[in-house]
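Just below is one structure, and these are the notes that go with it.
Worth saying up front: this structure is predicted, and the values here are computed from it rather than measured.
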Amino acid sequence: MNKYMLLLFDREEAFNEMSPEDMQKEIGQHMSWIENLGDHYDSGEPLLPDAKTITGKNKVVTDGPFIESKELLGGFYIINANSLEEATELAKGCPTLGLGGSVEVREVMKM
């Protein structure tokens, strides 16, 4: 099996509109989904919204995420799958999609 990273992109408004109860429900949905992944699940973590971006040869540092972004990288999962297609099918169950977010699936390069 290969490792695949699922990058979770959330709509910023979705979280601004959530009550604490809604947030707990969302977390519960993620925990349930992880349980259902079984041996496919490797790891994952949510990310805090504050960020810094370093760009180019001059190493220019800017605050991020960028203002023009409508989606924020909210977290990631690492899963095990036999192919990109299988990983993509598994990613379709991610609760982030129910909030109008998106999931990018990428294979982790073996080094």
Listed once per pair and sorted, the salt bridge (charged side-chain N to carboxylate O under 4.0 Å, His left out) pairs that draw on residues 30-41, sequence neighbours left out: none
Identify, with sequence neighbours excluded, every residue that meets side-chain contact (heavy atoms from CB on, under 4.5 Å) alongside [X].
| X | value |
| --- | --- |
| Lys25 | Gln29 |
| Asn36 | Ser32 |
| Leu48 | none |

Test item: His40 side-chain N/O and Ile79 main-chain N/O as donor-acceptor pair under 3.5 Å: no
Least distance between heavy atoms, Lys110 atom then Asn2 atom: NZ-OD1, 2.8 Å
Heavy-atom pair with the smallest gap, counting every atom of Tyr41 and Asn80: O-ND2, 4.2 Å
Over 12 non-hydrogen atoms of neighbours within 6.0 angstrom of CE in Met1: yes
Test log, rule side chain to side chain contact (heavy atoms under 4.5 Å, CB included), inputs Val105 and Glu85: CA-CA 9 Å; Val105 182; Glu85 290 73 22; over 6 Å; no
What distance separates [X] [atom1] from [Y] [atom2], expressed to the nearest 0.5 Å?
| X | Y | atom1 | atom2 | result |
| --- | --- | --- | --- | --- |
| Asp42 | Leu6 | CG | CG | 10.5 Å |
| Lys3 | Glu107 | NZ | CD | 11.5 Å |
| Asp22 | Leu99 | CG | CG | 9.0 Å |
| Leu47 | Phe76 | CG | CZ | 6.5 Å |
| Tyr77 | Met5 | OH | CE | 12.5 Å |
| Lys57 | Lys59 | NZ | NZ | 10.5 Å |

Which residues share a salt bridge (Lys or Arg N to Asp or Glu O under 4.0 Å) with Glu104, sequence neighbours left out: Arg106
Pair Val103-Leu7, side chain to side chain contact (heavy atoms under 4.5 Å, CB included): steps then yes or no: CA-CA 5 Å; Val103 178; Leu7 298 167; over 6 Å; no
When the side chains of residues 86-98 are checked against the rest of the protein, which donor-acceptor pairs come out under 3.5 Å, sequence neighbours left out?
{"from": "Glu86", "atom 1": "OE1", "to": "Asn82", "atom 2": "N", "distance (Å)": "2.5"}
{"from": "Glu86", "atom 1": "OE1", "to": "Asn82", "atom 2": "ND2", "distance (Å)": "3.3"}
{"from": "Thr88", "atom 1": "OG1", "to": "Leu84", "atom 2": "O", "distance (Å)": "2.7"}
{"from": "Glu89", "atom 1": "OE2", "to": "Lys92", "atom 2": "NZ", "distance (Å)": "2.8"}

